[in-house]
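Input: a single structure, listed below in structure tokens.
Below, chains carry the letters A, B, ... as their sequence lines are ordered, and counting in each starts from 1.
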Amino acid sequence: MTLRLYDTLTRTVRPFEPLRPGHAGVYTCGPTVQARPHVGHVRSAIALDVLHRWLRESGYQVVFVRNVTDVDDKIIHDAAHAGEPWWALGTRMERAFTWAYDAVQCLPPDATPRVSSSIPSITALIERIIERGHAYASDGDVYLSVRTVEGYGALSGQDPDQLRASDKEVAHGQTGQKRDALDFALWKAAKEGEPSWPSPWGPGRPGWHIECSAMAVDHLGEEFDLHAGGLDLVFPHHENEVAQSRCAGHPFARHWLHHGLVTVAGGSGEKMSKSLGNSTTVEDVLERVRPQVLRYALGAGHYRSQLEWSGQALSDAESAYGRIETFVRNATEAATGVEPGEPQASWPDFAAALDDDLGVPQALAAVHSGVRAGNALLAARDLPALAATLQVVRRMLTVLALDPVSQWPAAGGGELAPVVDALVQIAVEARADARARKDWARADEVRDRLNASGIVLEDTPDGVRWRLA
RNA sequence: GGCCGGGUGGCCGAGUGGCUUAGGCAAGGGCCUGCAAAGCCCUGUACGCGGGUUCGAUUCCCGCCCCGGCCUCCA
């Protein structure tokens, strides 16, 4: 079975057919580094990280590119307000994004181009578009002439005539130097106090859409395999990328993949976004739960569906992931060093689920059924089968970046873990003595006091185990 | 107004023209345990509303209601 992915352009799930077999060039629109990352940003990264990891697991040589938009109206505005240079704000926020992506175990992209470092490619691309008769300079601005683009609107399903009839230009009164209301800026003439770069049309800075067309081609070539991003970028951003690139004579992306947005539970039910003032930052969430729980909460649903963010979603994730962790921990203890026998977890089920448009929910069902089978093997002391099952389950978890052993730090303790363990052992021995005397009241008292300190005891066939609650 | 996507059992969340059940969480019952914890087994009979097609629809078609995304910066 080969990988099939939903393609926004054709609105169907169809085979992923890269230009060069065995190679996958993926471009995704990264963040505008204006403010700290919120849960929605990380959901995006996690969804695409699963794609990234699954491509690699499937044997593709992947080049994964995620840009950083560091030249932008809002960054310039906010930085000016804060009295700092635009690049200082951008750099600081870019670090915050990198930290958040790392925190939830997203693989680093192979390239993270910045707009500010891509100006020469951008101006060269604009020149090319002008030469080919699809853009025009006007008072230091450059606009793309949308009416010259055949098939404009195909990606987003927009009809140019309908767009024209909309009131967007009227509302924004920005018809300015444009020949046609639909035209959009490739280059904006410099304004007082704003960053600018030299260009054939005078000093200025790039428009929003052109940067991605330029950076994608820089790193992946004029035609590449897959372009991804949030559903909110389909129009106008991606539509305009297609238009520009086609105007430059580039075939551009062969497959378009868009993920769903995070909405806010309760009152509004709207999309989470900085501008709506309803966002929850990643930092805030990670003060309450471990990053692997956040990863599970954001990654367990299908990438295209809308995800409603709530405290409930987080605690559900905590329980569900806890079950997986418990199994891996128990099984690892019991099966370490055991020669693996026949696994009772189905890697083919897992692989088929991911091959079918990254069906993570189905894939997790395969994980959970492996966990259930594994727990039964553990109870039956069938260690060889358990060892094999654990291997398969962990291989699945690794693809989803949810393996408790290799991908996430053990909970709590750190350097103090051996010390705590020694202290707990004293209590455990005291309890064992009491139990030997059948002094259940005393035994329970020891256990209760440990419980009160957040330490849970479990009696197993291999002895007493303790863990943090 | 235009263009999209969605409404599934207590909750989250897959999927399908009928077959054998998604999966998880929560709940109830049982097993295990001195009691617990962890775990295993069993139970729930769902598919927004109204029509239509069909031997049969949650799944296809039409209409309606509701929710969300885009049309403006946005993952």
Side-chain angles (χ1 to χ4, degrees), chain A residues 8 11 28-32 34 37-48 66 69 72-74 77 97 153 156-159 161-163 165-169 171-172 174 208 228-237 239 258-263 268-276 279 296-297 300-302 304-308 310 312-313 315-324 326-327 329-330 353 359-369 371-380 435 438-441 443-444 447-448 451 456-460 464-467 469:
Chain A
T8 305
R11 299 188 194 284
T28 172
C29 290
T32 298
Q34 171 216 1
H38 60 62
V39 166
H41 292 120
V42 164
R43 192 264 171 117
S44 168
I46 291 170
L48 299 174
R66 181 177 60 218
T69 298
D72 161 89
D73 289 349
K74 286 186 169 177
H77 172 268
F97 271 90
S156 58
Q158 299 289 334
D159 174 352
D161 292 320
Q162 290 292 345
L163 284 173
S166 88
D167 52 9
K168 81 170 183 182
E169 296 299 337
H172 291 266
Q174 55 180 208
W208 176 34
L231 226 30
D232 54 349
L233 296 182
V234 177
F235 190 90
H237 188 232
E239 191 71 60
H258 292 95
H259 65 258
L261 305 175
V262 175
T263 60
S268 64
E270 297 167 304
K271 168 175 76 164
M272 180 178 289
S273 81
K274 178 72 170 68
S275 53
L276 292 172
S279 51
Y296 192 96
H302 188 90
R304 275 194 289 116
S305 58
Q306 184 172 299
L307 190 140
E308 194 171 271
S310 69
Q312 182 64 37
S315 48
D316 284 358
E318 208 154 23
S319 306
Y321 187 62
R323 177 178 161 78
I324 293 171
T326 299
F327 166 69
R329 186 186 64 229
N330 294 352
V360 169
Q362 302 273 31
L364 277 173
V367 170
H368 275 111
S369 82
V371 167
R372 196 184 331 105
N375 276 325
L377 292 169
L378 183 60
R435 293 182 74 202
K438 296 203 189 302
D439 181 356
W440 307 128
D444 290 350
R447 189 174 59 198
D448 290 346
N451 261 328
V456 180
L457 294 190
E458 294 175 10
D459 295 327
T460 78
V464 180
R465 170 176 41 233
W466 70 271
R467 64 181 165 87

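The interatomic distance linking A:E458 (CD) with B:rG39 (C1') rounds to 9 Å, in whole Å. Here the P atom of nucleotide B:rG68 and the NE2 atom of A:H259 are 19 Å apart, to the nearest Å. Distance A:L307 CG to B:rC67 P: 20 Å, rounded to the nearest Å. One interatomic measurement links the two molecules: CG of A:N330 to P of B:rG39, which rounds to 8 Å at whole-angstrom precision. Rounded to whole angstrom, the span from the CH2 atom of A:W466 across to the P atom of B:rA36 amounts to 24 Å. Nucleotide B:rA37 holds its C1' atom 13 Å from the CG atom of A:N375, rounded to whole Å. Atom C1' of nucleotide B:rG39 and atom CG of A:L377 are separated by 12 Å, given to the nearest angstrom. What separates CG of A:L261 from P of B:rG68 is a distance of 13 Å, to the nearest Å.
The CZ atom of A:R467 lies 5.5 Å from the OG1 atom of A:T326; values are rounded to the nearest 0.5 Å. Here the OG1-NZ distance, from A:T69 to A:K74, works out to 12.5 Å after rounding to the nearest 0.5 Å. To the nearest 0.5 Å, atom OG of residue A:S44 and atom CG of residue A:D232 are 9.0 Å apart. A:M272 CE to A:E308 CD: the interatomic distance, rounded to the nearest 0.5 Å, is 10.5 Å. In this structure, A:S156 OG and A:H237 NE2 are separated by 13.0 Å, a value rounded to the nearest 0.5 Å. Note that CZ of A:F327 is 11.5 Å distant from NE2 of A:H368, once rounded to the nearest 0.5 Å.
Among the heavy atoms of the strands, none lies under 4.0 Å from A:V42. Counting any heavy atom pair closer than 4.0 Å across all strands shown, A:G30 reaches sugar-phosphate atoms only and no base atom. At the heavy-atom level, A:H38 lies under 4.0 Å from base atoms of the strands shown. As judged by a 4.0 angstrom heavy-atom cut-off over every strand, A:S156 is placed among residues touching the sugar-phosphate backbone only. In this structure, A:G229 reaches the sugar-phosphate backbone alone: every heavy-atom distance under 4.0 Å involves primed, P, OP1 or OP2 atoms, never a base. Contacts of A:R323 with the nucleic acid, taken as non-hydrogen atoms under 4.0 Å apart, involve only primed sugar atoms and P, OP1 or OP2. Residue contacts for A:Q306: at a heavy-atom cut-off of 4.0 Å it reaches the sugar-phosphate backbone alone, with no base atom in range. Residue A:R43 is out of contact with every strand shown, counting any heavy-atom pair closer than 4.0 Å. Note on A:S273: a base of the nucleic acid sits closer than 4.0 angstrom, heavy atoms only. When heavy atoms are screened at a 4.0 angstrom cut-off, A:S275 is found touching base atoms of the nucleic acid. Among the heavy atoms of the strands lying under 4.0 Å from A:A320 are primed sugar atoms or P, OP1, OP2 only; no base atom is included. No engagement by A:V234 is indicated, since no non-hydrogen atom pair under 4.0 Å with the nucleic acid exists.
Looking at the side chain of A:H302, the nearest of the listed nucleotides B:rA14, B:rA75, B:rA37 is B:rA14. Of all nucleotides listed (B:rA75, B:rG13, B:rC70), B:rC70 comes nearest to the side chain of A:Q158. Residue A:Q362 places its side chain closer to B:rA14 than to any other of B:rA37, B:rC35, B:rA14. Comparing atom distances between the A:L233 side chain and each of B:rG39, B:rA75, B:rC11 picks out B:rA75 as nearest.
Partners of A:H259 by ring-ring contact (aromatic ring centres under 6.0 Å, His included), not counting sequence neighbours: none found.
Counting heavy atoms from C-beta on, the side chains of A:K274 and A:T32 never come closer than 4.5 Å. In this structure, the side chains of A:T263 and A:L307 stay at 4.5 Å or more apart for every pair of heavy atoms.
B:rC64 and B:rC3 have their P atoms separated by 14 Å, given to the nearest Å. For the P atoms, the distance from B:rC35 to B:rU45 is 32 Å, rounded to whole Å. Distance noted for atom C1' between B:rG51 and B:rG13: 30 Å (whole Å). Taking atom C1' in both B:rG29 and B:rU16, one finds a spacing of 31 Å when rounded to whole Å. One C1' atom belongs to B:rA46, the other to B:rC61, and the distance between them is 23 Å to the nearest Å. Straight-line distance between the P atoms of B:rU53 and B:rC40: roughly 48 Å, to the nearest whole Å. As rounded to the nearest Å, B:rU21 and B:rU54 have P atoms that lie 27 Å from one another. Only the P atoms considered, B:rU58 is 42 Å distant from B:rA75, to the nearest whole Å.
Both A:D72 and A:S315 sit near RNA chain B, but only A:S315 has its closest nucleotide nearer the 5' end. Comparing A:D444 and A:R11 by the nucleotide of RNA chain B whose heavy atom lies nearest to each, the residue mapping closer to the 5' end is A:R11.
Within the 4.0 Å cut-off from OP1 or OP2 of B:rA22, not a single side-chain nitrogen or oxygen of A:S369 is found. At the phosphate of B:rG24, OP1 or OP2 sits under 4.0 Å from a side-chain N or O atom of A:R372. For the pair A:R304 and B:rC4, the criterion of a side-chain N or O lying under 4.0 Å from OP1 or OP2 is not met. Dashed line: the shortest gap from a side-chain N or O of A:S305 to OP1 or OP2 of B:rA14 is under 4.0 Å. Within the structure, a side-chain polar atom (N or O) of A:H41 is placed less than 4.0 Å from OP1 or OP2 of B:rA75.
One can find a donor-acceptor pair under 3.5 Å joining the base of B:rA36 and the side-chain atoms of A:D459. For a distance-only test at 3.5 Å, the side chain of A:R447 qualifies as a donor-acceptor partner of the base of B:rA36.
What you find for A:Y296 and A:L364 is that their closest heavy atoms are OH-CD1, 3.9 Å. Shown here for A:P361 and A:A300, the closest heavy-atom pair between the two residues is CG-O, 3.6 Å.
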Note, RNA chain B 5' to 3' with Watson-Crick or G-U pairs under 3.5 Å encoded as ( ), [ ], | and . gives (((((((..(((.....[....))).(((((.......)))))....(((((..]....))))))))))))....
